[in-house]
Amino acid sequence: MDAVTDMSEKDKKKKKLSRSGKVILDILLVCAIGTAAFSGFQLITIWNNYRAARETYDKVRQAAIKETADPQASADPYDPGIDWDALKAINPDMAGWIRLDGTVVDYPFVYASDDEYYLEHLFDGTVKHSGTVFVDADNQQNFQDKNTLLYAHNMKDGSMFASISEYKNQDFYNEHKIIKIWTPDAYYELHPLGGIITDGWDTYVQTTFASDDAFMDYVNYFVSNSTFKSEDSVSAEDQTVVLSTCNYHKNNGRYALLCKLVKVHEFSK
């Protein structure tokens with residue numbers, strides 16, 4: 001009888017453990033489903049934000065097209081046909097337009113008094129993480145400084161400055177040796193000199209230099225650490241532009257592309 005009682009007690013314990021295990025498995029399953037659902041919701045939210053940002057910039061591009069009776073009749077071959085007044089009406093901070101042929105980089109850029117607002121706001125003021133291409137607040141407008149910096153996010157859908165980080169590859173440089181910039185006053189070309197993988201604590205954010213030697217040391221830092229070899233060179237008399245974006249290969253990573261600034265053409269007033 002004692003043996004039977006003992007077996008019965010063991011069976012009860014097994015049943016209790018079995019029930020406890022099932023409860024734990026049920027809890028884990030619910031947690032897994034909840035996590036998957038939340039992750040799916042986040043993913044849908046992210047891609048909806050990407051789509052909304054793309055649609056907004058498509059509308060901005062449409063608004064920026066200058067309406068003329070004959071689009072082929074421009075007297076100025078450097079005129080991109082941008083309606084600057086229409087862009088100003090959308091955003092008074094408008095400063096120019098940047099384009100890298102063969103990529104999605106085809107955006108207006110802005111100049112503002114701080115470096116935070118446009119990290120989370122589109123050109124039309126909509127709050128979205130894609131943000132806007134913007135000039136460093138320490139710079140003067142219209143490329144008056146020795147070095148001008150433009151920033152934009154490296155979005156995982158390939159938008160904004162994601163293409164700029166592709167200069168990590170020599171073949172990309174070989175096929176994209178000119179970046180185009182327009183302002184209401186002039187057309188410029190950027191000739192890439194060197195691109196570096198760095199971080200947000202680096203001192204590459206400089207707009208002025210104490211001497212020509214300091215400027216050339218800055219240029220040589222980019223060239224000697226560049227992810228590609230450029231055909232272009234720069235002298236102490238030249239001006240430069242840095243295009244800066246995120247790099248996801250390290251904590252607080254950045255990819256910074258130094259370019260020689262060439263003013264190709266001034267528009268008649």
Side-chain angles (χ1 to χ4, degrees), residues 46-47 50-51 53-54 57-58 60-61 78 80 96-109 118-119 123 129-136 143 147-183 187-200 202-206 216 218-235 238-264:
I46 289 170
W47 284 102
Y50 286 157
R51 185 184 66 215
R54 289 195 298 269
Y57 280 111
D58 285 343
V60 170
R61 292 184 190 101
Y78 295 102
W97 197 282
I98 183 168
R99 179 179 297 158
L100 178 56
D101 290 338
T103 76
V104 300
V105 178
D106 187 21
Y107 299 106
F109 62 89
Y118 285 108
L119 288 172
F123 184 77
H129 182 60
S130 294
T132 305
V133 182
F134 63 94
V135 180
D136 193 292
F143 303 103
N147 186 48
T148 300
L149 296 105
L150 276 75
Y151 307 97
H153 288 302
N154 178 352
M155 303 306 293
K156 291 184 178 180
D157 69 338
S159 62
M160 303 313 292
F161 269 7
S163 297
I164 299 302
S165 67
E166 293 299 317
Y167 279 99
K168 288 182 285 189
N169 304 309
Q170 182 69 39
D171 289 344
F172 189 85
Y173 164 77
N174 293 341
E175 297 173 3
H176 302 87
K177 296 180 180 178
I178 294 176
I179 302 167
K180 300 174 181 178
I181 283 186
W182 292 269
T183 70
Y187 165 61
Y188 301 84
E189 289 181 352
L190 304 184
H191 296 189
L193 299 167
I196 59 171
I197 298 172
T198 182
D199 55 49
D202 195 353
T203 57
Y204 70 89
V205 179
Q206 298 184 49
M216 292 307 299
Y218 179 82
V219 171
N220 290 331
Y221 170 69
F222 274 85
V223 173
S224 61
N225 293 283
S226 180
T227 56
F228 63 89
K229 184 174 178 56
S230 173
E231 296 176 358
D232 278 281
S233 60
V234 68
S235 70
D238 288 317
Q239 291 174 272
T240 51
V241 171
V242 171
L243 306 180
S244 178
T245 192
C246 299
N247 178 65
Y248 298 113
H249 289 81
K250 62 189 302 186
N251 183 38
N252 197 27
R254 299 287 188 276
Y255 187 79
L257 180 69
L258 179 73
C259 308
K260 178 166 71 174
L261 178 69
V262 179
K263 181 184 280 188
V264 178

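With Tyr255 as the fixed residue, the side-chain hydrogen bond (donor to acceptor under 3.5 Å, both in side chains) test singles out one of Thr245, Asn247, Thr227: Thr227. Partner of Phe161 under the side-chain contact (heavy atoms from CB on, under 4.5 Å) criterion, out of Thr103, Val133, Leu100, Asn154: Val133 alone.
Counting heavy atoms from C-beta outward, Tyr78 and Lys180 have side chains that stay 4.5 Å or more apart. Taking 4.5 Å as the limit, some side-chain heavy atom of Leu190 sits within range of a side-chain heavy atom of Leu261. Between Phe222 and Leu257, the closest side-chain pair of non-hydrogen atoms is not below 4.5 Å. Proximity of Arg61 to Tyr107: side-chain heavy atoms (C-beta onward) are separated by under 4.5 Å at one or more points. Side-chain contact between Tyr57 and Asp106 is absent, with no heavy atoms from C-beta onward closer than 4.5 Å. For the pair Thr198 and Asn225, the minimum side-chain heavy-atom distance is 4.5 Å or more. Side-chain atoms of Ile181 and Phe109, non-hydrogen and from C-beta on, do get closer than 4.5 Å to each other. Inter-residue side-chain proximity for Arg254 and Tyr204 is flagged as met; some heavy-atom pair is nearer than 4.5 Å.
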Take Thr183 and Phe143 through the test side chain to side chain contact (heavy atoms under 4.5 Å, CB included) and record every step on the way to the result.
CA-CA 10 Å; Thr183 70; Phe143 303 103; 4.0 Å; yes
Pair Arg99-Ile179, side chain to side chain contact (heavy atoms under 4.5 Å, CB included): steps then yes or no
CA-CA 6 Å; Arg99 179 179 297 158; Ile179 302 167; over 6 Å; no
Applying side chain to side chain contact (heavy atoms under 4.5 Å, CB included) to His249 and Lys168, what does each step give before you reach the verdict?
CA-CA 12 Å; His249 289 81; Lys168 288 182 285 189; 3.4 Å; yes
List the steps, then state whether side-chain hydrogen bond (donor to acceptor under 3.5 Å, both in side chains) holds for Thr203 with Tyr218.
CA-CA 10 Å; Thr203 57; Tyr218 179 82; over 6 Å; no
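Taken to the nearest 0.5 Å, the NZ atom of Lys177 stands 13.0 Å off from the CZ atom of Phe172. Rounding to the nearest 0.5 angstrom, the gap separating the CD1 atom in Ile197 from the CG atom in Asp202 is 12.5 Å. Atom CD of residue Gln206 and atom CG of residue Asn147 lie 8.0 Å apart, to the nearest 0.5 angstrom. Between the CG atom in Leu243 and the OG atom in Ser165 there is a gap of 11.5 Å [rounded to 0.5 Å]. Summarising the geometry, atom CE belonging to Met160 is positioned 6.5 Å from atom OG belonging to Ser130; distances are rounded to the nearest 0.5 Å.
In this structure, Pro108 and Val60 approach most closely via the heavy-atom pair CG-CG1, 3.9 Å. Contact detail for Ser163 and Gly158: the closest heavy-atom pair is OG-O, 4.4 Å. Closest non-hydrogen pair, Tyr167 versus His176, comes out as OH-O, 2.6 Å.
Looking at Asp157, its side chain does come within 3.5 Å of a backbone N or O of Ser159 through a donor-acceptor pair. No side-chain donor-acceptor contact under 3.5 Å links Lys260 to the backbone of Leu193. Listed for the Tyr173 side chain is a donor-acceptor partner under 3.5 Å among the backbone atoms of Glu231. In terms of modelled atom types and a separation under 3.5 Å, the side chain of Asp136 and the main chain of Leu149 share no donor-acceptor contact. With Thr240 contributing its side chain and Cys259 its backbone, the two residues share no donor-acceptor pair below 3.5 Å. Here the side chain of His153 pairs a donor or acceptor atom with the backbone of His129 at under 3.5 angstrom. Of the possible polar contacts, one joining the Ser230 side chain to the Pro192 backbone as a donor-acceptor pair under 3.5 Å is found. At least one donor-acceptor pair closer than 3.5 Å links the side chain of Asp238 to the backbone N or O of Ser235. No side-chain donor-acceptor contact under 3.5 Å links Thr132 to the backbone of Phe134. Checked by atom type and distance alone, the side chain of Asp171 never pairs as donor or acceptor with a backbone atom of Asn174 at under 3.5 Å.
The number of heavy atoms from other shown groups lying within 6.0 Å of NZ (Lys229) does not exceed 12.
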